[in-house]
Structure formats: C-alpha cells, structure tokens
Engineer: 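Here it is, the structure, as structure tokens.
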Amino acid sequence: MTFPRIHFLSIPLLLCSVALGAEDLVVADFENDTFGDWKATGDAFGKGPASGALDGQMKVDGFEGKSFASSFHGRDGSTGKLKSKPFKIERSNLNFLIGGGGFPEKTCINLISKGKVVRTATGPNQKPGGSERLAWETWDVSEFKGEMVTLEIVDAQTGTWGHISIDQITQSDSPAVVAIDQQFKINQRYLIWPVTRDTSHRLRFFGTLDGATDPLFYSDIYLTDKPDFWVFTDLENYQGRTITIRGKIPGNLQDAWKLVKISASYPGESELYSEPLRPQYHFTSRRGWLNDPNGLVYQDGTWHLFYQHNPYNHGWDNMHWGHATSTDLFHWHEHADALFPDAEGYMYSGSATIAPKSTTSLPLQGSEGIVLAYTANGNLSYEADRLPVQSVAFSNDHGKTFTKYAGNPVVAHDRAENRDPKIAWYAPDHHWIMNLYYDANDYGIYTSPDLVKWTKTDEYQIPGEAECPDMFELPVDGNPKDTRWIVWGANGKYMIGKFDGKKFKAESGPHRHYFGSAYAGQSYDNAPDGRRVHIGWMRDGGPGLDGAPFNLQMTLPMDFSLRTDAAGELRLWAEPSKEVEKLRSETKSWDNLNWSAGEADPFADFKGGQFEIDAVIDADSPAAAIGLNLFGQNTVVWKKADQSFTGAEGPQPPVDGKIRLQVFVDTVSLEVFVNGTYTSRYIRQNPEAPAIRVVAEGGAAHFDSLKIHRIQSVWK
Ligand code: FRU
C-alpha cells in the first residue's frame with residue numbers, strides 16, 4: 001500500500017523528489033490473522049487485527065486493506081497494549097492511520113527512543129458522537145534517523161471512546177500529512193481558497209489574528225488543486241492586520257495550499273451575479289451555502305439581513321453569520337461575515353435589535369447599537385464538553401463590525417439543542433423579551449432588563465413545529481385597538497393569542513402559513529410604518545445542486561397582516577412587499593380574459609426569465625380547474641371541487657368570489673401568493689416549453705384581470 005503522495009509538478013521539484021524519494025518501508029499493515037512479531041498484553045487488542053467494526057462498535061472506515069489494529073475487543077471496558085519489536089528509523093517521516101479515543105497517554109500510539117516517549121498521538125474523540133474513521137497522521141522523525149526505536153499502541157482508558165484504532169504504519173520520505181502554520185499580512189480584502197465539491201476532503205483550519213491565543217475562526221474547507229470553484233474568507237474588517245492559518249493537510253495537497261493567498265479579488269468574481277443559475281431579484285450569497293435569515297433589523301433607512309452561511313462550500317457546514325444590507329429589500333450589498341465560528345461553537349440562528357443605550361448594560365458607545373442574539377452551538381466546538389448556549393454581540397458602527405460580549409453566554413444551556421433566540425423590545429413593561437426553541441414542539445419565553453440578564457417566564461408549544469421562533473403583535477383587521485400576538489415556528493405554523501409581557505396564551509392554532517420549500521423565516525421587529533416584513537429561506541433543491549458556486553436563496557420579502565377570513569377566523573395574510581413594484585417593467589395586461597382549451601394561447605410569445613403574474617380568477621368560471629401552466633407544467637392551478645391549490649394544503653376558498661394569484665418566477669424559483677398564503681419551490685426553467693399557458697379544464701376560465709410584468713434584475 002502507499003499513502004497519498006506528493007505529486008510534484010515542476011521539473012526541479014520532480015528531480016528533487018526522485019533524489020529524496022526512496023521506497024516506503026512498511027512497519028506494520030496489520031493484514032494478517034495475528035499481530036506477528038508485535039506483542040499484545042491485556043485483552044483490548046484481541047488475538048489479531050480486526051476487519052471492521054467489532055461487536056457494539058459504530059461503522060469503522062478509513063483503514064487500508066482488509067484489517068487494522070483495534071482495541072475494541074471487549075468493548076470500551078477492556079484495556080491493553082500492543083508493542084512492536086525494535087526497528088531502525090530509515091526515512092524522515094513515520095506515517096500511520098489513527099482513529100478512536102482522544103485521550104492523551106490513555107488511547108494513543110507512542111514512539112519510544114532510548115526508553116523515552118518522543119512522539120505521541122491520539123484519536124480525535126472524547127465525547128459521545130464523533131466518528132470511528134481512521135485518518136492519516138505523520139511524525140517527522142528525521143532527527144532519529146539511524147536509531148533503533150519501538151512503537152506502542154496503548155489503551156488504558158475505559159468508558160466512552162476508551163479504545164484506539166491504528167493501521168498502515170509506514171516509513172517514508174513523503175509526509176502523509178503536513179502541518180500548516182502560515183502568516184498572511186491582510187493588505188487586501190480576501191483570503192482565497194480553491195475548493196472541491198467532493199466532501200470527503202474535509203480539512204479543518206484555524207485562523208488567528210495578530211498572534212492572539214484564541215482563534216478568530218475555525219472552518220472545515222475542502223481544499224483542492226483542481227478547484228470546482230474558488231471561495232474566500234472576507235477580511236474586509238481586518239485590513240492591516242496579520243492572520244495566521246493553522247491546520248493539517250494531506251501531503252499531496254501541498255500544491256493546493258500554495259494557491260491559498262490574500263487577494264483583491266477571487267476567481268469567478270467577474271461573473272458574479274451573472275452566473276447561469278443566479279437568482280436575479282432574490283438574495284443569494286456570493287459564495288457558499290445559506291440557510292435561515294437571522295437578525296433581520298432596520299436602522300436609519302437600511303434593512304440588515306444576516307443569515308446562516310457556510311462561506312466555503314455548497315452544503316451546510318461551518319455556520320457563520322453572513323451579512324447583507326439594502327435600502328429597498330431587493331438591492332442587497334453583501335458584506336464580510338459578521339460572526340465566525342469560535343471556541344463557543346458554530347454560530348447558529350438568532351435575531352437582532354436596535355438597543356438604545358439606556359436599555360442595555362452592553363458597552364455601547366453611541367446612543368444606540370445593533371445587538372445580535374445567537375446560539376453558539378458548543379456541541380460543534382473544537383473544545384470538548386461545550387453545549388448549545390445563547391450569546392450576544394453588539395456593534396457600535398452601524399453593523400460594520402461586531403464584538404462578542406465578554407460575559408457570554410447570556411442564557412445557559414437549558415435542554416437538548418436549545419437554540420434560535422428571537423429578541424424584541426416589549427414597550428409596555430419596558431423590558432426585552434426572548435423566544436427560544438428547546439426541543440420537540442417546545443419553546444420558551446425569557447425577559448431581560450438589559451439584554452444580558454435573562455429570566456425564564458413561560459414555556460409553550462406549537463404542535464407540529466420546531467426551531468426558529470418568531471413572536472409579534474398585529475392589529476386585527478387593521479384596528480390598532482384590537483391586537484393579537486402570533487408565535488411562529490420554522491415550518492410556518494403559528495398560534496394566535498394574547499401576551500402580557502411574560503406569558504403567551506393561545507386562542508387558536510396551529511394554523512399554517514407556508515407551503516412548499518420555505519422554512520425558518522423571521523420578521524423585522526422595527527420596520528417603519530408599523531409594517532411586519534418577513535423573509536424566509538427556500539430550502540431543498542437549490543442551484544448548488546447543479547454546480548453553482550453558491551446555494552439556496554431567501555424568499556421574496558413579504559408583509560404580514562392579521563385578517564378575519566371568510567369563515568370568520570383570524571389568519572395571517574401575506575402580500576409581496578411593495579418594494580417589488582419598482583422592479584416591474586414591460587407590463588402587459590388583459591381584462592376580462594376568457595379562455596378555453598384549444599384556443600390560441602394569449603401568451604405564446606412570452607419568453608421565460610424573471611417575471612410576475614398578477615391574476616384575478618373568477619371562481620364562478622365554468623372550468624373545474626383554472627390556473628397557469630409554467631414551462632410545461634401545471635404548477636399554479638386552483639380546483640373548484642375541493643378549492644385546493646397546487647402545492648398548498650387545505651382549501652383555499654375564494655374571497656368575494658375571486659382568487660387572487662400573484663406568481664413570482666426568478667431564475668430557479670417559483671413563489672405563489674394565493675389569497676394571503678404563500679407557496680414556493682425551486683424550479684428549472686425549460687426553454688423548450690412555453691413559459692406561460694392558461695389552464696382551463698372542463699370549460700372556459702374567466703380571469704377578471706391578468707397582468708404580466710418583467711422583473712428587472714437587481715444586479716444590472
Ligand atoms: C433551522 C436550523 C436552526 C439552527 C440553524 C443551524 O434551519 O436548524 O434551528 O439554528 O438551522 O444552521
């Protein structure tokens with residue numbers, strides 16, 4: 001067997017590798033039935049190598065050939081040692097595969113020279129969970145060349161992860177793994193990285209500023225020398241400083257590491273926002289994955305949108321808070337990430353508020369500051385034994401930079417993976433409130449005088465819901481004297497009730513607002529003119545699946561109100577935020593459009609792209625099914641018999657005999673507002689099929705009006 005080798009590209013290096021590249025010497029490959037001349041003591045290593053998971057063990061992979069040395073015989077309770085014969089160091093590196101427990105001196109492999117342990121390594125795991133995968137490790141042993149040494153594999157640990165796995169110990173002039181420790185002067189905006197979409201190459205890097213002890217961030221990045229695309233760490237806020245990147249890479253990625261550098265731009269930047277699958281009027285990130293909108297907050301004419309961001313690949317990972325701002329909810333300007341994962345863990349979802357100085361003990365400099373409340377998911381920290389907790393960060397420069405509060409966390413771990421704090425000001429009692437998700441369908445409410453000290457005041461359920469609470473007050477049918485509170489979860493289910501500043505009392509629900517792909521939305525708490533503007537995340541099926549260097553998009557911004565419906569029940573009602581009207585162009589409209597199957601299609605010439613259709617259907621039309629066929633599919637159809645609407649659950653009854661449909665098509669998405677509910681999904685526009693056709697089954701369809709607007713790109 002050989003471990004990953006360096007592939008030298010240039011000729012001088014090739015010569016050099018030939019000169020250095022003596023054959024590898026296998027010290028032990030554990031491919032036989034017994035340990036041969038290695039001596040086992042205790043029970044843990046059994047009678048010979050293991051060929052996979054032993055009784056009671058998770059799947060083990062990453063070993064070479066058919067077997068490896070495992071101390072899981074007798075499970076975690078057993079202990080033992082496996083010792084080699086003395087052998088001579090003849091190459092500069094000792095490479096081996098290691099997995100299992102991460103306890104120094106207890107679950108380890110040691111190199112012994114002259115009776116002393118001169119090198120030692122453990123597996124990666126100390127707490128429940130983790131992985132049994134073996135990974136390469138290299139010791140530079142050049143200083144021991146010519147010496148006789150021995151190896152011992154130790155299992156002196158019982159309990160969780162009280163075992164170790166070792167394979168393929170090889171002497172070599174090429175390191176299987178190379179330690180990275182490089183300083184970069186930040187004199188330009190980006191640190192750029194070439195990455196592969198192949199997620200088996202996950203490599204962890206730590207970035208530290210100006211020689212600090214705690215890293216500014218850590219992230220798992222799929223480095224490669226054959227990039228599918230390039231990503232970057234946006235260092236806009238750290239100009240003039242020095243960043244040190246540390247990590248371990250396979251020896252054969254040394255060329256890829258040389259491509260990582262500080263740069264004023266990143267490859268692909270000139271095509272930014274004109275890539276084939278790029279949405280043209282929905283928010284997407286320049287690079288990487290996004291999920292939940294976080295920290296929606298409005299300040300001095302600027303809408304801030306923070307969001308769950310993995311800047312380094314198309315899948316969920318490395319949770320940062322991305323950040324973008326806009327003055328009209330559509331033209332977004334993306335900034336550097338606002339929160340990086342740190343020793344507290346990944347930066348999970350949360351919210352933001354504008355805190356006047358008098359309402360907080362956070363060290364604000366001006367009269368007010370933006371405060372972010374987020375979950376630090378300690379379960380995903382590189383530090384052992386952390387739990388998910390709630391923390392805050394504040395900005396004294398209108399959101400350009402954020403400082404994590406030194407006294408974090410502000411809400412200790414309560415249970416399970418508690419997360420997603422949504423904070424807001426409760427004016428009548430002059431205190432802050434926080435809604436928090438716990439587990440199952442359970443949520444809690446906390447109050448605080450200062451955004452730092454929090455007291456739990458209530459727990460409530462939203463049946464069928466999980467994650468990402470929102471809580472807000474709305475006037476009933478526009479009457480400010482008659483209000484209700486809404487509690488909301490990630491699937492778009494909500495309860496309507498009363499709130500006294502501490503406790504929520506449900507009057508009805510759960511009701512359902514979202515259908516299709518939207519998830520984890522939240523609303524701006526301080527939008528002007530009493531508006532309740534909401535943005536969600538469209539999950540499942542985004543452009544990243546087709547190879548785009550970014551993945552997934554936010555929903556259209558929408559305004560919520562609370563209305564009494566035809567059955568006399570209160571329901572949330574959503575309308576596309578009015579700012580979209582400014583993007584309309586080339587409007588075509590029809591009044592009193594009657595259409596039956598077989599007639600000439602009124603929109604035959606219309607080509608796909610970005611557009612909006614605003615239609616009012618007469619529910620008394622003769623047709624049994626009425627709607628629109630987009631790109632060859634009956635995607636937007638209302639059926640008279642059961643009043644069902646494609647993709648939406650439950651009946652969608654007409655309002656005053658009419659069905660108002662607003663359909664928004666962007667590069668890869670379809671969103672429909674039908675009588676106040678919202679449905680969305682990712683689509684692929686089929687250029688072969690007509691973009692829009694009328695659907696009328698079993699008779700003529702009558703549209704009181706139908707308008708088609710082109711929607712202009714916000715990027716051009
Ligand atoms: C919802 C969610 C949140 C969590 C975040 C992590 O999509 O699972 O509960 O905070 O995503 O990215």
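Atoms within each ligand, like the ligands themselves, are counted from 1 in listed order. In this chain, numbering begins with 1 at the start of the sequence shown.
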Engineer: How about Asn441 and Glu465: does a side-chain donor come under 3.5 Å of a side-chain acceptor?
Structural biologist: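 No, no side-chain donor-acceptor pair sits under 3.5 Å.
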
Engineer: Short N/O distance, under 3.5 Å, between Ser349 and ligand 1?
Structural biologist: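 In this structure, Ser349 places an N or O atom under 3.5 Å from an N or O of ligand 1.
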
Engineer: I'd like to know if the side chain of Asn313 reaches the main chain of Thr196, judged simply by a donor and an acceptor atom lying under 3.5 Å from each other, with no hydrogens or angles considered.
Structural biologist: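 Indeed, once roles are kept as given, a pair shorter than 3.5 Å links the two residues.
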
Engineer: So, 4.0 Å and heavy atoms of Tyr437: is ligand 1 close enough to count as a contact?
Structural biologist: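 No, that is not the case, since the closest heavy atom of the residue is not under 4.0 Å from the ligand.
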
Engineer: Where is the nearest protein heavy atom to atom 8 (O) of ligand 1: which residue, which atom, and how far?
Structural biologist: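 I find the closest protein heavy atom is Glu467 OE2, 2.9 Å.
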
Engineer: Going by the order shown, which atoms of ligand 1 are within less than 4.0 Å of some heavy atom of Gln308?
Structural biologist: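 Close to Gln308: 5 (C), 6 (C), 12 (O).
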
Engineer: Any nitrogen or oxygen of Asp292, side chain or backbone, less than 3.5 Å from one on ligand 1?
Structural biologist: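 Looking only at distances, the answer is yes, because the N/O contact criterion of under 3.5 Å is met.
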
Engineer: Can you confirm if the NZ or CZ of Arg415 lies within 45° of the ring axis of Tyr438 and under 6.0 Å from the centre of its six-membered ring?
Structural biologist: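 Here Arg415 passes the 6.0 Å and 45° test against Tyr438.
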
Engineer: Any donor-acceptor pair under 3.5 Å linking the side-chain atoms of Tyr374 with those of Gln390?
Structural biologist: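 Short answer, no.
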
Engineer: Could you verify whether a donor N or O on one side chain and an acceptor N or O on the other, from His398 and Ser395, lie under 3.5 Å apart?
Structural biologist: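 No.
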
Engineer: Would you say the side-chain atoms of Tyr346 and Asp317 include a donor-acceptor pair closer than 3.5 Å?
Structural biologist: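 Looking only at side-chain atoms, Asp317 and Tyr346 do form a donor-acceptor pair, the distance falling under 3.5 Å.
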
Engineer: Identify, by atom number and element, the atoms of ligand 1 in contact range of Met319, meaning under 4.0 Å from any of its heavy atoms.
Structural biologist: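 Once the distances to Met319 are compared, the set is 12 (O).
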
Engineer: Consider ligand 1: state whether an atom of it lies below 4.0 angstrom from any non-hydrogen atom of Tyr519.
Structural biologist: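 Per 4.0 Å heavy-atom rule, Tyr519 contacts ligand 1.
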
Engineer: Heavy-atom distance to atom 4 (C) of ligand 1: which of Asp420, Thr375, Leu380, Asn418 wins?
Structural biologist: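 Residue with the shortest heavy-atom distance to the ligand atom: Asp420.
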
